[in-house]
Amino acid sequence: MKYIDEFQDPELARKLVEDIHATVTRPWALMEVCGGQTHSIIRHGIDQLLPDEVELIHGPGCPVCVTPLEVIDKALEIASRPEVIFCSYGDMLRVPGTGRDLFQVRGEGGDVRVVYSPLDALRIAQQNPGREVVFFGIGFETTAPPNAMTVHQARKLGIRNFSMLVSHVRVPPAIEAIMQSESCRVQGFLAAGHVCSVMGTGEYPALAERFRVPIVVTGFEPLDVLEGVRRTVRQLERGEHTVENAYARVVPPEGNPAAKAMLADIFEVTDRAWRGIGVIPDSGWRLAARHREFDAEHRFSVADIDTREPEACRAGEVLQGLLKPHECEAFGTACTPRTPLGATMVSSEGACAAYYLYRRLETSGTGAKQPAQATAPAAVNAPRTPDGTSTAPASAPLEGSPVV
């Protein structure tokens, strides 16, 4: 537990919060890029410990959430075929496509299986030589290397009944697209530490210089997030815009050379559509032409898919940082984890799911449910259940808090 307890120390958290309060002199808007960071912020009430001048905007850092509806519908089409065993991480099963999800396909007789590794899917292919096994390969720079390794293994072992439905995306082009948007309010970024553990920090200095924004590589524990905020705010107050690594215990500047070599061997960069955002140039990976035989889209010919986004879902605005989850009229009413309109409510890294899980829900004038504003540090530190129950005494001091 060493590397958990140390980064949840309440006294150190208090000092970081006090330093941020002492540093801030004007309003700043910071975007945390990763959905894991969003969940840490909301779970531990970090946004409510910060001064009012510091606004945290939740970015498009949830891999499930940004997978476009068209790809979800392609997955549903492939998974419905009787010759197919469709393998996916569990998060994807409840993400709604046009009219249904993978759970419903399984209920209708489709062979949809939850796996915990792409190598599990490869093993299933070895055990079922008479079936086609398809793995749903989604995610950022973190999940792409093991998926690339699996394709490498499939070729090495001569497994021909395995293929992958690929929808991998890259973070730096998304940051560039966000900064180029006319509606962008972001003045600094907390970069996702695990992405940088693979890719290093080399892609960020040009972005920081071009858009004059500080980018601080940040981890996921409460002290990691607070330190990322502190460094970003300090740069902004000084008029600086450099790249800092506040997650050096995990992120070497060069990243993981072996993982990057595997990516370069199996994938090639391509334009990618992001759900709710649109196509971002050079923002994704696809299987390189020499590995096309493992491309499920090519193998199953699912090019002409008719997709229809639900009109009531505003997940796209949430993913761009233009809307907080509780500001959506459907939040907590028409849209819940059991009845999600979009992936942001059902994914374990989705911003809407974070608000639903960890905040007290109160009905606003618009019909949407909003998290209550905390009035004491201990209250905001306590995780909350969807029915609004706090797990900490209302008057408990910051010291001894189980989380921050």
Side-chain angles (χ1 to χ4, degrees), residues 3 34-36 39 61-67 71-72 74-76 78-79 84-95 101-103 105-106 110-171 192-199 220 250 255-267 284-288 291 293-297 299-300 343 346-350:
Y3 271 119
C34 178
H39 272 250
C62 163
V64 174
C65 304
V66 300
T67 302
V71 175
I72 302 293
K74 288 179 179 177
L76 296 171
I78 294 171
V84 168
I85 300 174
F86 194 87
C87 300
S88 171
Y89 296 129
D91 274 9
M92 295 302 298
L93 266 62
R94 201 180 284 279
V95 176
D101 57 34
L102 286 169
F103 264 129
V105 170
R106 185 159 71 177
D111 194 345
V112 178
R113 304 185 188 183
V114 173
V115 295
Y116 297 94
S117 161
L119 291 175
D120 291 342
L122 194 60
R123 191 174 305 112
I124 292 171
Q126 288 178 294
Q127 295 166 347
N128 296 270
R131 306 279 302 279
E132 288 287 338
V133 176
V134 180
F135 176 71
F136 202 173
I138 70 158
F140 294 93
E141 291 90 335
T142 47
T143 55
N147 292 350
M149 173 59 80
T150 304
V151 173
H152 172 82
Q153 283 291 98
R155 179 176 293 284
K156 181 179 178 181
L157 297 173
I159 301 174
R160 303 302 179 193
N161 63 324
F162 173 82
S163 60
M164 190 174 293
L165 179 60
V166 177
S167 185
H168 282 302
V169 287
R170 303 171 59 235
V171 168
H194 52 10
V195 167
C196 295
S197 71
V198 175
M199 304 305 293
F220 304 90
V250 173
N256 185 326
K260 290 195 287 188
M262 184 57 66
L263 289 172
D265 178 51
I266 301 298
F267 294 128
W285 278 300
R286 64 184 176 192
L287 285 164
H291 300 298
E293 64 187 282
F294 296 102
D295 188 337
E297 286 195 61
R299 185 172 298 193
F300 294 96
V346 72
S347 169
S348 61
E349 293 190 34

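The CD1 atom of Ile85 lies 14.5 Å from the CZ atom of Phe135; values are rounded to the nearest 0.5 Å. For the atom pair CG (Asp111) and SG (Cys87), the distance works out to 8.0 Å, reported to the nearest 0.5 Å. Here the straight-line distance linking atom CE of Met149 with atom NZ of Lys156 works out to 8.5 Å at 0.5 Å rounding.
At a threshold of 4.5 Å between non-hydrogen side-chain atoms, the residues Pro145 and Asn256 do not count as touching. Val134 is not listed as a side-chain neighbour of Arg299, based on a closest heavy-atom distance of 4.5 Å or more. Counting heavy atoms from C-beta outward, Glu349 and Cys34 have side chains that approach closer than 4.5 Å. Residues Ile138 and Val64 form a side-chain contact, since some pair of their non-hydrogen atoms from C-beta on lies under 4.5 Å apart. At least one side-chain heavy atom of Phe140 sits under 4.5 Å from a side-chain heavy atom of Val66.
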Can you check side-chain contact (heavy atoms from CB on, under 4.5 Å) on Ile159 and Gln126, steps first, answer last?
CA-CA 7 Å; Ile159 301 174; Gln126 288 178 294; 3.3 Å; yes

Take Ile266 and Phe294 through the test side-chain contact (heavy atoms from CB on, under 4.5 Å) and record every step on the way to the result.
CA-CA 10 Å; Ile266 301 298; Phe294 296 102; over 6 Å; no

Would you check, one step at a time, whether the test side-chain contact (heavy atoms from CB on, under 4.5 Å) holds for Ser117 with Val115?
CA-CA 6 Å; Ser117 161; Val115 295; over 6 Å; no

Stepwise, does the side-chain contact (heavy atoms from CB on, under 4.5 Å) test hold for Ile72 with Thr67?
CA-CA 7 Å; Ile72 302 293; Thr67 302; 3.9 Å; yes

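The aromatic rings of Phe86 and Phe136 lie perpendicular to each other, with more than 60° between the two planes, well past the 30° mark.
Formation of a donor-acceptor pair under 3.5 Å by the His291 side chain with backbone atoms of His152 is not found in this model. At distances below 3.5 Å, not a single donor-acceptor pair connects side-chain atoms of Asn128 with backbone N or O atoms of Val133. Side-chain N or O atoms of His168 include one that pairs as donor or acceptor with a backbone N or O of Gly139 at under 3.5 Å.
Listed here is the closest heavy atom pair of Glu293 and Arg155: OE2-NH2, 3.0 Å. The two residues Met164 and Leu287 have their closest heavy-atom pair at O-CD1, 4.4 Å. Contact record, Asn147 with Pro118: OD1-CG, 3.2 Å, taken as the closest heavy-atom pair. Nearest heavy atoms, Arg131 versus Val84: NH2-O, 3.2 Å. Smallest separation of non-hydrogen atoms from Val195 and Glu141: CG1-OE1, 3.4 Å. Considering every non-hydrogen atom in both Ala125 and Asn161, the closest pair reads O-ND2, 3.0 Å.
Salt bridge absent: Glu297 and Arg286 never bring a charged side-chain N and a carboxylate O closer than 4.0 Å. Using a 4.0 Å cut-off between a side-chain N of Lys or Arg and a carboxylate O of Asp or Glu, Arg113 and Asp120 do not qualify as a salt bridge.
The aromatic ring centroids of His194 and Phe220 lie less than 6.0 Å from each other.
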